[in-house]
Visitor: 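Encoded as structure tokens, here's the structure I'll be asking about.
These figures come from a predicted structure and were not determined experimentally. Every chain is numbered from 1, with letters handed out A, B, ... down the list of sequences.
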Amino acid sequence: MKTIPLLRPRAPTDDHPLVKITLTAIAIGFIALFLFMPLLTVFSEALAKGWIMARDALIEPDALAAIRLTLITAAIAVPLNMVFGLAASWAIAKFDFRGKNFLITLIDIPFSVSPVVSGLVFVLIFGLQGWLGQWLRDNDIKIVFALPGIVLATIFVTFPFVARELIPLMIDQGKDEEEAAVSLGASGWSTFFRVTLPNIKWALLYGVLLCNARAMGEFGAVSVVSGHIRGLTNTMPLHVEVLYNDYQYVGAFAVASVLALLALVTLVLKSVLEWRFADEIAAGHRH
Amino acid sequence: MSLVIDSVAKKFDRFPALKGVSLTAPKGCFMALLGPSGSGKTTLLRILGGLAFADVGHIAFDDLDWLALPARERRAGFVFQQYALFRHMTVAGNIAFGLNVRPRKTRPTRAEIGRRVEELLVLVQLDGLGKRYPSQLSGGQRQRVALARALAIEPRMLLLDEPFGALDAKVRKDLRHWLRSLHERLGLTTVFVTHDQEEALELADLVAIMNQGQIEQIASPAELRASPATPFVADFLGQGTGGPGIVPIRTSSKPQPATRNEAAHAVR
């Protein structure tokens, strides 16, 4: 029989069991209260009057138009921000130039400025009373209260995501491997595709997923430039608000659950990839 | 047919890293650039490898205008202090890299590359480890992968930046002898940077002692010991006479631009 010593020596970094339990309980309680409860509410409200009602709210033309608009916006904004994020972090991490810190600060602006303000900026520039308003009208170009404005606002709000994810990693990885590649005869192009990109692909993927989640969910900036034209310039978040204000709770929560589902799918996708490629991800960190 | 460096100078911002360095080394020689941190030795090595650019000066090697060749066309096998292995590639992938990136016309066939990798693995005594990732290797093994990778491109010269800097004393000694014997076999012109005078004197045919961006003396180890040209050389070499096995105290270094690389490595 094994004997269990009464006083098992604790590792110096090991806290008292009570402390551990308390901390864990706080964490779980917090997550339950602020993450799971709202999420559950969204789905339960959507299905409150039954499955059919929720489905009808989703296949109604305005809802479909909102879903389509959201997907189109994300499909334009996310790839553009991916290219921008890659270019910016590449420049910042691998080269020394004047104004580098200033550029890093600039990238953060959309995070620190209220989305409503960012939306207003676009109205001020492209709106009828704005700087370019008259010229745009003369040339019959619609930006504000149309798709281009929504896309612009979305790009502005989501552009730090990819860069923010990549910059610390790329700075940490340094430029040794790129130098090695060049000294072995690789061109700039093949250095990027064979060395740089494989080293950052996971961070890039996270950045893109986060960027996409935010692009589909953005409310403030888009709300200012959209003009809230039903079936035309309402994205999903805006459509949710319109329905909610009309006391159409089932419809509002049904569309909201689709948004929430998209976010959940994103999360699951990320976890699956992490689990599937755990070895490779571990090897990506500095050995 | 030799390596001729003619008054090469380089400034970082306003800090002079190299103040007009000239030297001549015969082809096939094993040369050490020895000096304290901030003496410009790494900068000189990086200029030779095409990873840094000289402000003025001229370098000729093998009848080539060396500085006019871009880094990727120099075929200078560079072994980095921290090896800089491609972490997402296997050992075999690392070694094959220089062959895989060649333009289609000059690229060997897949089978040929595979054969070449096997040969190199045997040469650096790592046969059987081709499928491992760098993170699964010891420091000494990584060092040898880095060397094999540099040798794969059939380099015109071999450049080693503190090749034993990150290894423990025992491995360092073994690898040192092995590297010397490898040099005897291959006969490649080799330049290596070190701050360890014992290492330089034991290994090299020719030692260039550098201080503050200038060469104090360049001579064979025997000559250096017998007649140090300047008080600095005498003093610097004098440090190592404390008996075998005593590792010299590394000169303290503010991270000056010339040694930015070393400083960056030190904090990792």
Side-chain angles (χ1 to χ4, degrees), chain A residues 86 89-90 92-101 165-207 273-274 276-287, chain B residues 12-13 45-46 48-52 70-90 93-103 106-107 132-139 142 146 149-155 157-159 161 257 260-261 264-265 268:
Chain A
L86 261 174
S89 18
W90 167 274
I92 285 168
K94 311 282 177 185
F95 300 105
D96 293 314
F97 55 89
R98 266 166 203 280
K100 193 156 139 173
N101 287 324
E165 198 72 31
L166 291 182
I167 289 169
L169 179 73
M170 286 174 90
I171 287 179
D172 175 55
Q173 288 183 342
K175 46 190 169 191
D176 289 12
E177 288 183 40
E178 278 80 6
E179 285 184 343
V182 170
S183 83
L184 291 167
S187 61
W189 205 241
S190 65
T191 301
F192 179 76
F193 282 105
R194 287 171 184 263
V195 177
T196 308
L197 201 57
N199 274 340
I200 58 166
K201 65 180 174 203
W202 294 109
L204 182 64
L205 183 72
Y206 296 165
L273 287 170
E274 260 172 26
R276 173 75 181 71
F277 295 100
D279 291 353
E280 235 183 276
I281 294 171
H285 293 289
R286 190 159 274 289
H287 29 254
Chain B
F12 286 108
D13 293 328
L45 192 78
R46 288 172 61 81
L48 279 170
L51 302 173
R72 50 181 292 234
E73 283 166 28
R74 275 188 208 183
R75 279 203 278 126
F78 204 107
V79 176
F80 293 80
Q81 193 177 10
Q82 297 290 330
Y83 322 133
L85 296 177
F86 305 125
R87 64 195 97 188
H88 62 285
M89 290 181 204
T90 60
N94 266 278
I95 298 174
F97 184 87
L99 301 173
N100 281 329
V101 296
R102 283 197 190 162
T106 55
R107 193 191 310 152
R132 297 257 189 107
Y133 281 91
S135 56
Q136 298 166 316
L137 300 181
S138 72
R142 284 180 205 167
R149 182 177 70 174
L151 291 172
I153 60 169
E154 291 157 334
M157 69 165 79
L158 204 52
L159 304 170
D161 187 5
R260 202 182 288 162
N261 229 18
H265 286 312
R268 270 173 201 159

Visitor: If the condition is ring pair (Phe, Tyr, Trp, His ring centres under 6.0 Å), which residues does B:F97 pass it with, not counting sequence neighbours?
Guide: B:F86
Visitor: Is B:A146 in contact with chain A via its backbone, its side chain, both, or neither, using a 4.5 Å heavy-atom distance?
Guide: neither
Visitor: Working to the nearest 0.5 Å, report the span between CG of B:N100 and OG of A:S190.
Guide: 10.0 Å
Visitor: Hey, what do you get for CG (A:L197) to NE2 (B:H88), rounding to the nearest 0.5 Å?
Guide: 9.0 Å
Visitor: Give me the atom names and distance for the closest heavy-atom approach of A:S183 to B:F80.
Guide: OG-CE1, 4.5 Å
Visitor: Run the side chain to side chain contact (heavy atoms under 4.5 Å, CB included) test on A:Q173 and B:R87 for me, step by step, so that the C-alpha distance in whole Å, both residues' side-chain angles and the decisive distance to 0.1 Å come before the verdict.
Guide: CA-CA 10 Å; A:Q173 288 183 342; B:R87 64 195 97 188; 3.5 Å; yes
Visitor: Taking atom CG of A:L184 and atom CD1 of B:I95, what is their separation to the nearest 0.5 Å?
Guide: 11.0 Å
Visitor: List the steps, then state whether side chain to side chain contact (heavy atoms under 4.5 Å, CB included) holds for A:E179 with B:F78.
Guide: CA-CA 9 Å; A:E179 285 184 343; B:F78 204 107; over 6 Å; no
Visitor: Among residues at least two apart in sequence or on other chains, which ones pass side chain to side chain donor-acceptor pair (under 3.5 Å) with A:T196?
Guide: A:E178
Visitor: Tell me, for A:T191 versus chain B, whether the close heavy atoms (under 4.5 Å) come from the side chain, the backbone, both or neither.
Guide: neither
Visitor: State, to 0.1 Å, how close B:A84 and A:D176 come at their nearest heavy-atom pair, and which atoms those are.
Guide: CB-CB, 3.6 Å
Visitor: Does any backbone or side-chain atom of B:A71 lie under 4.5 Å from a heavy atom of chain A? Answer side chain, backbone, both or neither.
Guide: both
Visitor: Identify which part of B:R149 has an atom lying under 4.5 Å from any heavy atom of chain A, answering side chain, backbone, both or neither.
Guide: both
